[in-house]
Participant: 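My structure is below; once you've seen it, I'll send some questions.
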Protein chains: 2
Amino acid sequence: MSAFDSFLIGKVNTLKITNKKGKQFRVPDATIRRLPLYLDKLILLQQAGVREVSSRQLAMSLDIKASQLRHDFHYFGGFSKPGRPYDVDQLVPALEEIIGVDNPVPFIVVGAGHLGQALCNYANFERQGFPLQGIFDNDPDLIGTKIRGIKIEPIENIASVIKKKNIRLAAITVPSLVAQEIAIKLVDAGIRGIWNYTPVDLRLPEDIIVRNERLATGLMCLSFKTKRLEHPELISDD
Amino acid sequence: MSAFDSFLIGKVNTLKITNKKGKQFRVPDATIRRLPLYLDKLILLQQAGVREVSSRQLAMSLDIKASQLRHDFHYFGGFSKPGRPYDVDQLVPALEEIIGVDNPVPFIVVGAGHLGQALCNYANFERQGFPLQGIFDNDPDLIGTKIRGIKIEPIENIASVIKKKNIRLAAITVPSLVAQEIAIKLVDAGIRGIWNYTPVDLRLPEDIIVRNERLATGLMCLSFKTKRLEHPELISDD
DNA sequence: ATAATCTTGTATATTAATTAACAGGTCTGG
DNA sequence: CCAGACCTGTTAATTAATATACAAGATTAT
């Protein structure tokens, strides 16, 4: 099975990159999407004490073809000595740099409802290089309470926190009605990437990256496929 | 911007479908991925009282090309009278049937940690046709407590609930160590689709649909793109 | 030393997905 | 009644993504 999200929808910010050999490539979106999965798996291997991994092994564990993995890596160049498998301890930081998590990337969560709280409680973000630096909501009952040691602040504080801590990424889990308004506020304060959990199509300047996340999409995809496996009359495989 | 996840990784269960005109198509995975987004948007339009929508309007609101939307719909056939835009009240149930949510699709959540609780608390699943029918965990402190009126039950009860309520879909948010074991248990009890929030590559029979979800992936994609927009020397656009 | 078996990088071929183009149908205003 | 502006469904063209193939280096065993 394979991937799915808002990342599929909308204009693709095609990125060109110059690799270490000075050759220019347009990195396909499909490749960009796989980079975090490679990194994720490599970190697991690293933690397990694995020092070397071949494209074949790594690809197999991700259910993709080894050639595709090599093809993906090829855009960035030179991850291994010729004829030798990849060195995990070398590949991890290389991928971290490419993905942009070589230094911690702080982010904030705006909207501390159930979904917002869940995001805040998800400890793995920190481990994966994304320390949570602020939680904001306008509900007086929530303001002042803490999640994972971080105090929920009123939304009016957002701009000053963003500027003070130099934050670029924000997740928004606010009610639809205020989503656009808050997104603008975030962008004005310096946010460059928005992780949008609301069902609103945010209209923002072109250089702001928006990633729309829709939880139910996952269930719908599962539903589509399981339904057809259970009702073979809907499918025809020749 | 566009989509991104585990949906991209692994073998694609290519589905063929016979449309209303008796013509057979192989529905591309990319199309399947967009169907829930179409439905989602159409329901919003329906709630807003919109009766008709053209491919151009609908596509624009999703930031895709109208021709792509028509191309996607084309696999399933006849959604509109010739020359006329789509009838929202007609299209919604048609898409619901295609996606398999024309009848409610019950699901369960296994693992009631922070992430599991967040999923359970996300009210929109029910509204979108996925009523939550059970929450399971082995933590004695959690068993018996309620989330949205649903009591957390011990994992040993899973099989009987699945069978009694005829459940096909399950989300798992359990610790990695027990993920494979629990997945097997679910499949044995009748689960056909697994929404996997653990970082484990589940090894299951071929006819079981697995959708791997990785939260941090979203932040990584944002990070990759914002980093390159902020450091133009990494990009070269000609 | 050399054959067998690993490995990666990369060019080529194949397949999939997206976009464009357009034949007809509908509707509105004049 | 006809022109212009919509509309969809469908095929064709284009572009993107994936898979194959293989040259060349490394390693191991004999």
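None of these values were measured; they are calculated from a predicted model. What's counted below: heavy atoms across the whole structure, side chains too, no hydrogens, waters or symmetry copies.
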Participant: Whether Ser55(B) contacts dT8(D) is assessed here as follows: a side-chain N or O lying under 4.0 Å from the phosphate OP1 or OP2. Is that the case?
Facilitator: yes

Participant: Roughly how many Å is it from NZ in Lys65(B) to P in dC22(C), rounded to a whole number?
Facilitator: 17 Å

Participant: To the nearest Å, how far apart are Tyr75(B) OH and dT11(D) P?
Facilitator: 11 Å

Participant: His74(B) has a side chain; which of dC6(C), dT10(D), dA17(C) sits nearest to it?
Facilitator: dT10(D)

Participant: Of the candidate nucleotides dG25(C), dA17(C), dA19(D), which contains the atom at the shortest distance from the side chain of His71(A)?
Facilitator: dA19(D)

Participant: Within the side chain of Gln46(A), is there an N or O that forms a donor-acceptor pair under 3.5 Å with the backbone of Asp89(A)?
Facilitator: no

Participant: To the nearest Å, give me how far apart CD (Gln57(A)) and P (dC6(C)) are.
Facilitator: 11 Å

Participant: Do Asn196(A) and Glu213(A) have side-chain N/O donor and acceptor atoms under 3.5 Å apart?
Facilitator: no

Participant: Just compare dG9(D), dT18(C), dT18(D) and give me whichever is closest to any side-chain atom of Arg70(B).
Facilitator: dG9(D)

Participant: Phosphate oxygens OP1/OP2 of dT27(D): is one of them under 4.0 Å from a side-chain N or O of Arg84(A)?
Facilitator: yes

Participant: For Tyr86(A), answer base if it contacts any base atom (sugar-phosphate contacts may also be present), sugar-phosphate if it contacts only those atoms, and nothing otherwise; contact means non-hydrogen atoms under 4.0 Å.
Facilitator: sugar-phosphate

Participant: Are Lys227(A) and Asp102(B) close enough for a salt bridge, meaning some N to O gap below 4.0 Å?
Facilitator: yes

Participant: Round to a whole Å and report the spacing from CZ of Arg34(A) to C1' of dA16(D).
Facilitator: 11 Å

Participant: Is a side-chain N or O of Thr173(A) found less than 3.5 angstrom from the main chain of Leu115(A), in a donor-acceptor match?
Facilitator: no

Participant: OP1 or OP2 of dG9(C) versus the side-chain N and O atoms of Ser80(A): is any pair under 4.0 Å?
Facilitator: yes

Participant: Send over the distance from Leu62(B) CG to dT18(C) C1', rounded to a whole Å.
Facilitator: 16 Å

Participant: Ignoring backbone atoms, establish whether Arg26(B) has a side-chain N or O less than 4.0 Å from OP1 or OP2 of dT15(C).
Facilitator: no

Participant: May I ask you to evaluate whether Ser67(A) reaches the phosphate of dT20(D), defined as a side-chain N or O under 4.0 Å from OP1 or OP2?
Facilitator: no

Participant: Going by an N to O cut-off under 4.0 Å, is there a salt bridge joining Asp207(B) and Lys225(A)?
Facilitator: no

Participant: How many whole angstroms separate atom CG of Asp29(B) from atom C1' of dT15(C)?
Facilitator: 14 Å

Participant: Reading DNA chain D from 5' onward, which residue's closest nucleotide shows up sooner: Gly83(A) or Ser54(B)?
Facilitator: Ser54(B)

Participant: Using whole Å, what does the distance between atom C1' of nucleotide dT5(C) and atom CZ of Arg56(A) come to?
Facilitator: 11 Å

Participant: For Asp72(A) and dT10(C), give me the distance from atom CG to atom C1', rounded to whole Å.
Facilitator: 14 Å

